[in-house]
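This one's a predicted model, so the numbers in the text were calculated from it and none came from an experiment. Order of the sequence lines sets the chain letters (A, B, ...), proteins ahead of strands, with each chain counted from 1.
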There are 2 protein chains.
Amino acid sequence: MHDHAACIARAMARADARCGAEGLQLTPARRRVLEILLEEHRALGAYDILDRLRAEGLGSQPPIVYRALDFLMKHGFVHRIETLNAFVACTEPTPGDRGDIAHMPAFLICRTCRHVIETVAERGPGKLETAADSAGFAIEHAVREAEGLCAACRAAA
Amino acid sequence: MHDHAACIARAMARADARCGAEGLQLTPARRRVLEILLEEHRALGAYDILDRLRAEGLGSQPPIVYRALDFLMKHGFVHRIETLNAFVACTEPTPGDRGDIAHMPAFLICRTCRHVIETVAERGPGKLETAADSAGFAIEHAVREAEGLCAACRAAA
DNA sequence: CCGGCTATGTAATATCATCACATGAGCTAC
DNA sequence: GTAGCTCATGTGATGATATTACATAGCCGG
Ligand SMILES: [Zn+2]
Ligand SMILES: [Zn+2]
Ligand SMILES: [Zn+2]
Ligand SMILES: [Zn+2]
């Protein structure tokens, strides 16, 4: 366990600072979507998020949440988990030196508690990069996701 | 380019042999789905496949194709491409010593021609495994997919 | 004020996947 | 033989995820 309220507050402060510095508009809906994702350390589906927004009067149609997620992903605050068709708040600061995504995340996804661990990518080429080089393939975006059991759920079982 | 007719024939012969050896039923619908995927070296959506089955009178409802794909994936003949919500025929023999998936594929997906290159995983732990070990996480399934431009499309551009 | 830009509101639709229940073909026990 | 079993299929409906299209509103520089 960690101090989750502080964890959320820190992340929101970072997001505010970054948006201020880069001239990005962290509008109410966008801000709330990020908060909702930070409250969990789990992946949420777009419609799960939308349900919460609806309950709070922040919009009721799918485009609301997809637009907010597009913005948050574009600027590296949120990642999409392809294997779950779901979204998770980024746990890495990613200063975004050039206003862009600066890191190459990999995710460990627990199949029972759905918690998502975002790992820091090591330096150096991985298997994908090695394979791409030998095939003359230019990688623009890579997805690394593993499903399994987290330490807590293994202990419980 | 390669001799694609031979490529398909070889793969189908392998599938027939394996199903015979392991008592698996490669029924007409399952067989045809595998053939359709082998004909392309690209990922096809479930409904793309379904359209072809329909045209051939092999079924018209989604469960037809999803059941066939479940069978083919379970036995390692087909892989799901998570980033595309699509499916591709496996290019590795995977003898399936214990009737199970024996390899750990990674995919290079061209964003313009949608061709999929399935790479042979090298030996040794990758970044996901390293991260999982240090987190006490037990990986059961991993997804490695990269999107970008294949050599042919890079040359064309 | 106007024109362009960004964000939002709203309805409809597209795309991907599963559920539920009925039917049929092949096999075994008795 | 036939009842019961398993596996695969047929079929209609529904659920889950995501996008399009177009209208509206605020803001800001000219
Ligand atoms: Zn926390
Ligand atoms: Zn867990
Ligand atoms: Zn071929
Ligand atoms: Zn290409």
Side-chain angles (χ1 to χ4, degrees), chain A residues 15 19-20 22-34 36-37 42-75 77-88 99 109 114 143 145 147, chain B residues 15 19-20 22-34 36-37 42-75 77-88 99 109 114 143 145 147:
Chain A
C19 288
E22 299 182 21
L24 306 173
Q25 301 186 47
L26 194 59
T27 60
R30 292 170 175 177
R31 195 167 207 287
R32 187 67 191 120
V33 169
L34 179 54
I36 287 168
L37 286 172
R42 331 175 0 232
L44 289 182
Y47 282 71
D48 296 335
I49 299 168
L50 182 55
D51 287 344
R52 303 216 203 175
L53 293 182
R54 254 199 276 265
E56 300 171 15
L58 278 168
S60 61
Q61 244 64 33
I64 301 294
V65 66
Y66 282 104
R67 291 199 276 232
L69 288 168
D70 284 348
F71 169 88
L72 294 168
M73 282 192 290
K74 179 175 173 187
H75 298 292
F77 297 120
V78 162
H79 298 297
R80 177 179 171 83
I81 305 296
E82 295 290 348
T83 50
L84 298 175
N85 293 331
F87 304 86
V88 72
I109 304 147
R114 230 174 123 123
V143 171
E145 299 173 7
E147 194 188 32
Chain B
C19 288
E22 300 184 19
L24 306 174
Q25 300 186 47
L26 195 58
T27 60
R30 293 172 176 176
R31 195 165 207 288
R32 188 65 191 121
V33 169
L34 179 55
I36 288 168
L37 286 172
R42 324 163 19 221
L44 290 182
Y47 281 71
D48 295 336
I49 299 168
L50 182 56
D51 287 344
R52 303 216 202 174
L53 293 182
R54 255 199 275 265
E56 300 172 15
L58 278 168
S60 61
Q61 245 64 32
I64 299 294
V65 66
Y66 282 104
R67 291 198 276 230
L69 289 168
D70 283 347
F71 170 88
L72 294 168
M73 282 193 290
K74 179 174 172 188
H75 298 292
F77 298 119
V78 161
H79 298 296
R80 177 179 171 84
I81 304 296
E82 296 290 346
T83 49
L84 299 175
N85 292 332
F87 304 86
V88 71
I109 304 148
R114 229 174 124 124
V143 171
E145 297 175 7
E147 194 188 32

Is there a side-chain contact between [X] and [Y], using heavy atoms and a 4.5 Å cut-off?
X: B:E145; Y: B:V143; value: yes
X: A:V65; Y: A:L58; value: no
X: A:R32; Y: A:I49; value: no
X: A:Q25; Y: A:R30; value: yes
X: B:L24; Y: B:F71; value: yes

Rounded to whole angstroms, how far apart are [atom1] on [X] and [atom2] on [N]?
X: A:R80; N: D:dA16; atom1: CZ; atom2: C1'; result: 12 Å
X: B:R31; N: D:dA8; atom1: CZ; atom2: P; result: 16 Å
X: A:R32; N: C:dA7; atom1: CZ; atom2: P; result: 21 Å
X: B:L24; N: C:dG26; atom1: CG; atom2: P; result: 18 Å
X: A:H75; N: C:dT6; atom1: NE2; atom2: C1'; result: 12 Å
X: B:I81; N: C:dC16; atom1: CD1; atom2: P; result: 14 Å
X: B:I49; N: C:dA17; atom1: CD1; atom2: P; result: 10 Å
X: B:D70; N: D:dT9; atom1: CG; atom2: C1'; result: 14 Å

Can you tell which of [options] lies closest to the side chain of [X]?
X: B:R30; options: D:dA8, D:dA18, C:dC16; value: D:dA8
X: A:F87; options: D:dA18, C:dA17, C:dT8; value: D:dA18
X: B:N85; options: C:dC16, C:dT8, D:dT9; value: C:dC16

Closest heavy-atom pair and its distance - B:F77, B:L34:
O-CD1, 3.9 Å
Where do B:I64 and B:G59 come nearest, in terms of heavy atoms and distance?
CG1-CA, 4.2 Å
Between B:R54 and B:D51, is there a side-chain N and carboxylate O pair less than 4.0 Å apart?
yes
All N/O pairs under 3.5 Å across the protein-nucleotides 28-30 of chain D interface:
none

Report all interatomic pairs (protein N or O, nucleotide N or O of nucleotides 9-11 of chain C) with separations under 3.5 Å.
unit_1	atom_1	unit_2	atom_2	d
C:dG9	N7	A:R67	NH2	2.7
C:dG9	O6	A:R67	NH1	3.3

Under 3.5 Å donor-acceptor pair, B:Y47 side-chain atoms to C:dA14 base atoms:
no
Under 4.0 Å, heavy atoms only, any strand: does B:F71 hit a base, just the sugar-phosphate, or nothing?
nothing
Short question: side chain of A:D48, backbone of A:G45 - any donor-acceptor pair under 3.5 Å?
yes
